[in-house]
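One structure below.
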Amino acid sequence: MTNLRLACIVGARPNFMKMAPLLKAFEAYEGVETVLVHTGQHYDKNLSDVFFDELDMRRPDITLEVGSGKHGQQTARVIERFEEVLENAADEGKPFDRVLVVGDVNSTMATTIAAVKLGIPVAHVEAGLRSFDRTMPEEINRILTDAIADMLLVSDPAGMDNLRDEGHAENEMVLVGNVMIDTLKRLLPKARRGDTLERLGLQGDCYGLVTLHRPANVDTAESLGPLLDVLIATSEKLPLVFPIHPRTKQRIERFGFSEKLDAAKGLLQLGPAGYLDFLALSSQSKVIVTDSGGLQEESTVLGIPCLTARPNTERPITVTEGTSTLVGNNADMLRSGLAAVLDGTYKTGKCPKLWDGHAAERIAKVVAERAEK
Ligand code: UD1
């Protein structure tokens, strides 16, 4: 029988939908004990708490409450506090055998560093993704996490190639598929049964959905302003729904863009949405404009056109096989992408292999089997 005490890490919004199916999948393995650790990188109710209820995920067993801060500060706090958790567990005679991390946020990298330095091996879900853009904090997190994790669980074939190029051995990596899509497939019927569209006065296929939060798009007036201008102009033809990330909200206010956004009648500004509302919105939209990593993948599975406001992507399969097009931080490219969607000439895509709703089961099997060896 497997005997495995596994610390499962979440920190920021995109981690929750990946960890929820993993916790469930491990329940099938007697002898595997999961301990859910929340670093507290995201702490707002609508960036964190709401997901535990909606994803039907148990509350964290341990919280580190690190909060926001500069990168060094936030990362250091996670390392310091998680190291203590690991050491205390060992002192109490209940040491962790392995740590399971997902995605590419600061909490992913920081907990990996703390664990590996104490000799505790780390499995990384969503390993191998590379944008080859080292100005992105997430790219640094991905590279560092994969360099020291010993189990690299990969969502698409390009990720396997990237890891090979970085010198990883075949026995370190497994193509398991996309665990975030497990959650999407499970909750899509429920999301669509809800009254999200009605509440917002929207009709399916008659609106666009916008999210923007990457520093490269929102941190300067020069990058954010022109994107907002295209969206405001588009909203006269196609209503747009814009759930606004706290970071983006602060910047909009700081740069004095609130007034022109408020004046755009077709642009519906919301706070960050919960998972079910958001899935209801994304799955029934005509087009998605985003700089989110996860949403590029979700739109591909949903078959919804996605204009990705980034110059590059660590998820190239969403462009080559899926419905995404990179429009960079370029207002003209965004405008012409939106025009192609509106005149019906935008491409169609297909769903990548192993994005089938069963990735968590494959991951649990690999992790549990490794523990037996
Ligand atoms: C983080 C991740 C990013 C992910 C995103 C999803 C890193 C480097 N970035 O970015 O990959 O796509 O989460 O949302 O890990 N804030 C709040 N409430 C909160 C958390 C943050 O208001 O609960 C505000 C704070 O002002 C904070 C800012 O948002 O300074 C940024 O938060 P932070 O966790 O540093 O990064 P995100 O931009 O959310």
Side-chain angles (χ1 to χ4, degrees), residues 9-19 38-52 55 60 63-79 81-82 101-113 124-127 129-131 133-146 180 183 210-220 223-224 242-255 270-275 277-278 282 288-299 306 308-310 312-315 318:
I9 311 298
V10 291
R13 182 169 61 179
N15 296 159
F16 305 126
M17 30 296 224
K18 295 168 194 167
M19 194 53 82
H38 188 344
T39 65
Q41 174 172 345
H42 282 177
Y43 44 86
D44 275 1
K45 192 171 178 350
N46 53 15
L47 286 186
S48 177
D49 294 10
V50 62
F51 294 98
F52 288 85
L55 301 176
T63 52
L64 306 182
E65 292 178 7
V66 301
S68 300
K70 292 189 275 190
H71 283 271
Q73 217 172 29
Q74 190 176 56
T75 305
R77 275 193 220 131
V78 177
I79 294 179
R81 294 182 195 180
F82 188 54
V101 300
V102 295
D104 56 13
V105 302
N106 285 344
S107 301
T108 310
M109 173 198 54
T111 50
T112 299
I113 292 175
H124 181 207
V125 173
E126 216 179 66
L129 299 187
R130 297 290 181 269
S131 64
D133 174 359
R134 292 197 177 193
T135 66
M136 281 180 80
E138 293 82 0
E139 181 74 354
I140 306 301
N141 295 340
R142 293 179 202 115
I143 293 169
L144 294 178
T145 302
D146 287 343
M180 198 184 55
T183 298
V210 179
T211 80
L212 293 171
H213 76 280
R214 299 246 165 240
N217 284 327
V218 307
D219 277 5
T220 65
S223 53
L224 185 57
F242 188 10
I244 307 182
H245 187 285
R247 175 184 200 106
T248 311
K249 177 113 193 122
Q250 287 162 7
R251 303 305 192 266
I252 287 172
E253 284 162 10
R254 186 182 307 163
F255 303 144
L270 307 176
Y275 187 78
D277 275 342
F278 196 82
S282 61
I288 292 170
V289 177
T290 192
D291 56 9
S292 146
L295 200 43
Q296 291 171 54
E297 299 180 336
E298 289 166 338
S299 56
C306 179
T308 300
R310 291 189 32 198
N312 50 51
T313 178
E314 61 288 336
R315 293 159 162 95
T318 61

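Both ligands and their constituent atoms are indexed starting at 1 by order of listing. Keep in mind that the numbers below use all heavy atoms, side chains included, and drop hydrogens, waters and symmetry copies.
- Gln250 NE2, 3.0 Å is the protein heavy atom nearest to atom 26 (O) of ligand 1.
- Checked against a 3.5 angstrom limit, the closest N/O atoms of His71 and ligand 1 fall outside it.
- Atom 6 (C) of ligand 1 has as its closest protein heavy atom Pro14 CD, 3.5 Å.
- Summary of contacts: the protein heavy atom closest to atom 11 (O) of ligand 1 is Glu138 OE2, 2.6 Å.
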Would you list the atom pairs, donor with acceptor, under 3.5 Å between side chains in residues 40-50 and any protein atom, with sequence neighbours excluded?
residue : atom : partner : partner atom : Å
Gln41   : OE1  : Ser107  : N            : 3.2
Gln41   : OE1  : Ser107  : OG           : 2.7
His42   : ND1  : Arg13   : N            : 2.9
Tyr43   : OH   : Ser68   : OG           : 2.9
Ser48   : OG   : His38   : NE2          : 3.0

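- Regarding atom 21 (C) of ligand 1, its nearest protein heavy-atom neighbour is Ser68 OG, 3.5 Å.
- At the top of the distance list for atom 4 (C) of ligand 1, counting protein heavy atoms only, stands His213 NE2, 3.7 Å.
- With a 4.0 Å cut-off on non-hydrogen atoms, His42 touches ligand 1 through its backbone as well as its side chain.
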Could you walk me through whether Phe51 and Val10 pass the side chain to side chain contact (heavy atoms under 4.5 Å, CB included) test, one step at a time? CA-CA 12 Å; Phe51 294 98; Val10 291; over 6 Å; no
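- Regarding atom 34 (O) of ligand 1, its nearest protein heavy-atom neighbour is Gln41 NE2, 3.2 Å.
- The closest donor-acceptor contact from the side chain of Ser292 to the backbone of Gly294 lies under 3.5 Å.
- Each of Thr290, Thr308, Thr318 was evaluated against Leu295; a single residue qualifies, Thr290, per the side chain to side chain contact (heavy atoms under 4.5 Å, CB included) test.
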Residues Asn141, Asn106; criterion side chain to side chain contact (heavy atoms under 4.5 Å, CB included); working and verdict: CA-CA 6 Å; Asn141 295 340; Asn106 285 344; 3.0 Å; yes
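- Atom 17 (C) of ligand 1 has as its closest protein heavy atom Tyr43 OH, 3.5 Å.
- Of the protein's non-hydrogen atoms, the one nearest atom 31 (C) of ligand 1 is Arg247 NH1, 3.6 Å.
- Below 4.0 Å from some heavy atom of Arg13 lie the following atoms of ligand 1, by number and element: 14 (O).
- With a heavy-atom cut-off of 4.0 Å, Ser48 does not touch ligand 1 at all.
- Looking at Ser282, its side chain does come within 3.5 Å of a backbone N or O of Phe278 through a donor-acceptor pair.
- Using a 4.0 Å cut-off between a side-chain N of Lys or Arg and a carboxylate O of Asp or Glu, Arg214 and Glu138 qualify as a salt bridge.
- Applying the side chain to side chain contact (heavy atoms under 4.5 Å, CB included) criterion to Pro215, with sequence neighbours excluded, gives Asp219, Arg247.
- For Arg142 (side chain) and Asp104 (main-chain N/O), no donor-acceptor pair under 3.5 Å exists by modelled atom type.
- Heavy atoms of Leu47 found under 4.0 angstrom from ligand 1 belong exclusively to the side chain.
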